[in-house]
Number of protein chains: 2
Amino acid sequence: MRMSDLSRRSGVSVTTIKYYLREGLLPAGRQLSATQAEYDEQHLRRLRLIRALIGVRGLSVSTTRDVLRALDEHAGDTHILLGLALGSIRIVEEPEEGTPEPAEVGALIKELGWQVHQSAPARAALAETLTSLRTLGTPLEWRTLLPYARLAEQTAAVDLDQLDWIDDPLEVAERALLLTVLLEPALLALRRMAQENESARRHAED
Amino acid sequence: MRMSDLSRRSGVSVTTIKYYLREGLLPAGRQLSATQAEYDEQHLRRLRLIRALIGVRGLSVSTTRDVLRALDEHAGDTHILLGLALGSIRIVEEPEEGTPEPAEVGALIKELGWQVHQSAPARAALAETLTSLRTLGTPLEWRTLLPYARLAEQTAAVDLDQLDWIDDPLEVAERALLLTVLLEPALLALRRMAQENESARRHAED
DNA sequence: TGTTGTTGGATACCTTCGCTATCCATGTTA
DNA sequence: TAACATGGATAGCGAAGGTATCCAACAACA
């Protein structure tokens with residue numbers, strides 16, 4: 001498959017493909033000669049994945065590169081993949097080094113009895129939200145998050161259940177990535193709809 | 001309060017405040033003379049809210065403007081606020097007019113028995129995720145989303161519970177905004193941590 | 001054996017976004 | 001009155017994510 005075929009089948013322009021190659025998102029094709037390279041189905045698949053991460057989820061190019069690299073390096077080990085590859089995604093851009101993690105985050109995790117790596121970016125993301133709410137004058141008691149956390153636990157169980165019946169390690173890794181990252185906008189959308197519905201329900205009761 | 005005081009107390013530079021005024025995110029102060037304006041606590045509060053929406057949640061300036069306008073217009077009515085003001089937030093940028101909503105989204109909502117407005121952007125967001133997964137060759141059965149939706153229902157109930165005991169309508173509106181929008185990164189962070197924990201737990205069992 | 005068109009690779013450029021810096025006339029304040 | 005601050009307008013900047021152009025090497029057909 002030539003680059004132009006790759007472009008046609010993926011719907012991504014040749015120049016953009018070249019850009020992704022340059023940025024290291026897409027591995028180079030097999031060089032046939034000085035000005036000829038061959039691409040295969042793997043490249044096509046990878047390219048579609050890139051578009052989904054950047055376009056649907058809105059990841060930055062550099063974050064996408066980190067995620068894909070982690071995916072390649074730890075394809076076989078779902079645990080490492082989830083903890084490390086997905087850990088490289090910053091939900092909040094710039095971890096805001098200046099903000100020390102409030103004790104609340106540690107307290108919450110301890111209360112939940114969770115094992116969460118100390119350097120997990122999710123800790124920083126949570127910390128920043130709490131700090132921000134406090135600055136706004138509407139602080140959130142960390143205990144308020146407990147019911148949310150229990151629901152997150154159940155969500156995570158559903159997530160991992162879906163990986164159980166898959167055999168191919170590479171497929172497990174890719175599926176895990178899609179389920180965690182690409183599903184995020186969908187989960188938020190479900191929450192929005194549920195809020196609308198619940199709000200309507202409560203109003204109707206009055 | 002002068003603009004410089006507003007700057008000092010909010011930590012936002014004067015030039016940036018001017019930018020927000022220009023962009024219509026922040027209402028103008030009370031004009032004292034041709035080159036003098038007075039700002040109050042409301043402005044400070046609003047400014048902090050703007051920073052939180054843009055900085056923490058990563059909303060674009062124009063989206064933030066839409067959200068704040070909706071907040072002002074329907075401050076008293078939580079139902080309208082959630083359905084309309086929050087509806088104006090695009091989880092996925094560019095609703096992708098070209099993609100018609102798959103029948104699956106309608107089927108899911110019907111199965112759930114939810115009342116969701118036909119034009120809710122959350123529908124489009126969900127639709128795009130499903131379309132994207134199908135393009136990637138790993139389609140998601142809509143029934144797979146049912147457990148997630150039931151969890152979203154419970155989350156929404158927790159959300160609305162927290163608004164019950166607040167009296168001031170303006171405060172309800174602002175709190176609703178914070179709980180839905182600003183809490184989103186926190187909820188995703190909880191899910192990430194729960195996944196890490198659940199993955200560790202399952203591996204330990206082997 | 002041309003000659004025409006395509007390919008990969010490099011480089012420069014473009015557009016949008018979110019600020020930021022500079023100007024300047026008008027005010028305030030010491 | 002002199003020095004400095006303020007509000008408002010305009011222009012510019014830096015990063016991000018592409019896009020357009022150029023060019024030498026090559027393939028493939030006549």
Side-chain angles (χ1 to χ4, degrees), chain A residues 1-40 43-44 47-68 89-90 92-94 96, chain B residues 1-40 43-44 47-68 89-90 92-94 96:
Chain A
M1 200 193 309
R2 302 294 167 71
M3 192 185 276
S4 59
D5 300 310
L6 198 58
S7 170
R8 193 174 30 75
R9 292 184 57 189
S10 66
V12 179
S13 77
V14 169
T15 45
T16 300
I17 293 176
K18 288 180 176 180
Y19 170 63
Y20 291 153
L21 284 168
R22 239 179 301 144
E23 294 296 317
L25 298 197
L26 195 64
R30 194 170 58 90
Q31 285 293 101
L32 295 180
S33 71
T35 65
Q36 225 68 1
E38 167 97 346
Y39 302 92
D40 58 20
H43 288 91
L44 181 60
L47 188 51
R48 287 191 175 134
L49 181 59
I50 291 168
R51 292 304 307 179
L53 293 178
I54 292 178
V56 177
R57 178 52 229 273
L59 291 189
S60 73
V61 168
S62 68
T63 301
T64 304
R65 175 175 42 231
D66 296 343
V67 170
L68 292 177
I89 297 170
R90 301 215 157 62
V92 176
E93 295 296 318
E94 259 179 65
E96 202 76 17
Chain B
M1 199 193 308
R2 302 290 169 71
M3 192 184 278
S4 61
D5 301 309
L6 196 59
S7 169
R8 194 173 31 75
R9 293 183 57 190
S10 65
V12 179
S13 77
V14 170
T15 45
T16 300
I17 293 177
K18 288 179 177 182
Y19 169 64
Y20 290 154
L21 284 168
R22 237 179 302 143
E23 293 296 317
L25 298 196
L26 196 63
R30 196 169 55 89
Q31 285 292 103
L32 295 178
S33 72
T35 65
Q36 225 65 2
E38 168 96 347
Y39 302 91
D40 58 21
H43 288 92
L44 181 59
L47 188 51
R48 287 189 175 135
L49 181 59
I50 291 169
R51 292 304 306 180
L53 293 178
I54 292 179
V56 177
R57 179 52 229 274
L59 292 190
S60 73
V61 168
S62 69
T63 302
T64 305
R65 176 176 41 230
D66 295 344
V67 170
L68 293 176
I89 297 170
R90 300 211 160 64
V92 176
E93 296 296 316
E94 257 181 66
E96 202 75 16

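Model, not experiment: these values are computed from the prediction. Residue numbering restarts at 1 for every chain, and letters A, B, ... go by the order of the sequence lines. Hydrogens, waters and symmetry mates are skipped; everything else that's a heavy atom, side chains included, is used.
- Protein atom CG of A:Leu32 is 13 Å distant from nucleotide atom P of C:dT7, rounded to whole Å.
- C:dA10 atom P lies 9 Å from atom CZ of A:Arg22, rounded to whole Å.
- One interatomic measurement links the two molecules: CZ of B:Arg65 to P of C:dC19, which rounds to 13 Å at whole-angstrom precision.
- Atoms CE and CZ, from A:Met1 and A:Arg30 in turn, are 12.5 Å apart once rounded to the nearest 0.5 Å.
- Residue pairs meeting the side chain to side chain donor-acceptor pair (under 3.5 Å) criterion with at least one partner in residues 13-22 of chain B, sequence neighbours excluded, are B:Ser13-B:Thr15, B:Ser13-B:Thr16, B:Tyr20-B:Arg51.
- Taking NE2 of B:His43 as the reference point, atom CZ of B:Arg9 lies at 13.0 Å (rounded to 0.5 Å).
- For the atom pair CG of B:Leu47 and OG of B:Ser7, the computed distance is 8.5 Å after rounding to the nearest 0.5 Å.
- Look at CD on A:Glu23: it is 15 Å from P on C:dG9, rounded to the nearest Å.
- OP1 or OP2 of D:dG18 has at least one side-chain nitrogen or oxygen of A:Tyr20 nearer than 4.0 Å.
- Without hydrogens or angle criteria, A:Gln31 side chain to A:Ala37 main chain gives no donor-acceptor distance under 3.5 Å.
- A:Ser13 has a side-chain polar atom (N or O) that falls below the 4.0 Å cut-off from OP1 or OP2 of D:dT19.
- Atom pair A:Leu6:CG and C:dT6:P shows a separation of 18 Å (rounding to whole Å applied).
- Rounding to the nearest 0.5 Å places CG of B:Leu59 at 12.5 Å from CZ of B:Arg65.
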Can you name the atoms? Protein N/O to nucleotides 13-16 of chain D N/O, anything below 3.5 Å, with the distance.
none

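- Between A:Asp5 and A:Arg8 a salt bridge is recorded (basic side-chain N to carboxylate O distance below 4.0 Å).
- Applying the side chain to side chain contact (heavy atoms under 4.5 Å, CB included) test between A:Tyr39 and each of A:Leu44, A:Leu26, A:Ile17, A:Leu6 identifies A:Leu6 as the sole match.
- Taking atom CD1 on B:Ile54 and atom P on C:dC17, their separation rounds to 13 Å, with Å as the unit.
- Considering CD1 of A:Ile50 and CD of A:Glu23, their distance stands at 11.0 Å, rounded to 0.5 Å.
- Within the 4.0 angstrom heavy-atom criterion, base atoms lie near A:Thr15.
- Rounded to a whole Å, the CD1 atom of A:Ile17 is 15 Å from the C1' atom of C:dT6.
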What's touching nucleotides 5-8 of chain D from the protein side, N or O pairs under 3.5 Å?
from, atom 1, to, atom 2, distance (Å)
D:dT6, OP1, B:Ser4, OG, 2.8
D:dG7, OP1, B:Ala37, O, 3.3
D:dG7, O4', B:Thr35, O, 3.2
D:dG7, N7, B:Lys18, NZ, 3.4
D:dG8, OP1, B:Gln31, OE1, 3.2
D:dG8, OP1, B:Gln31, NE2, 3.4
D:dG8, N7, B:Lys18, NZ, 2.9
D:dG8, O6, B:Lys18, NZ, 3.0

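- Protein atom CZ of A:Arg8 is 14 Å distant from nucleotide atom P of C:dT6, rounded to whole Å.
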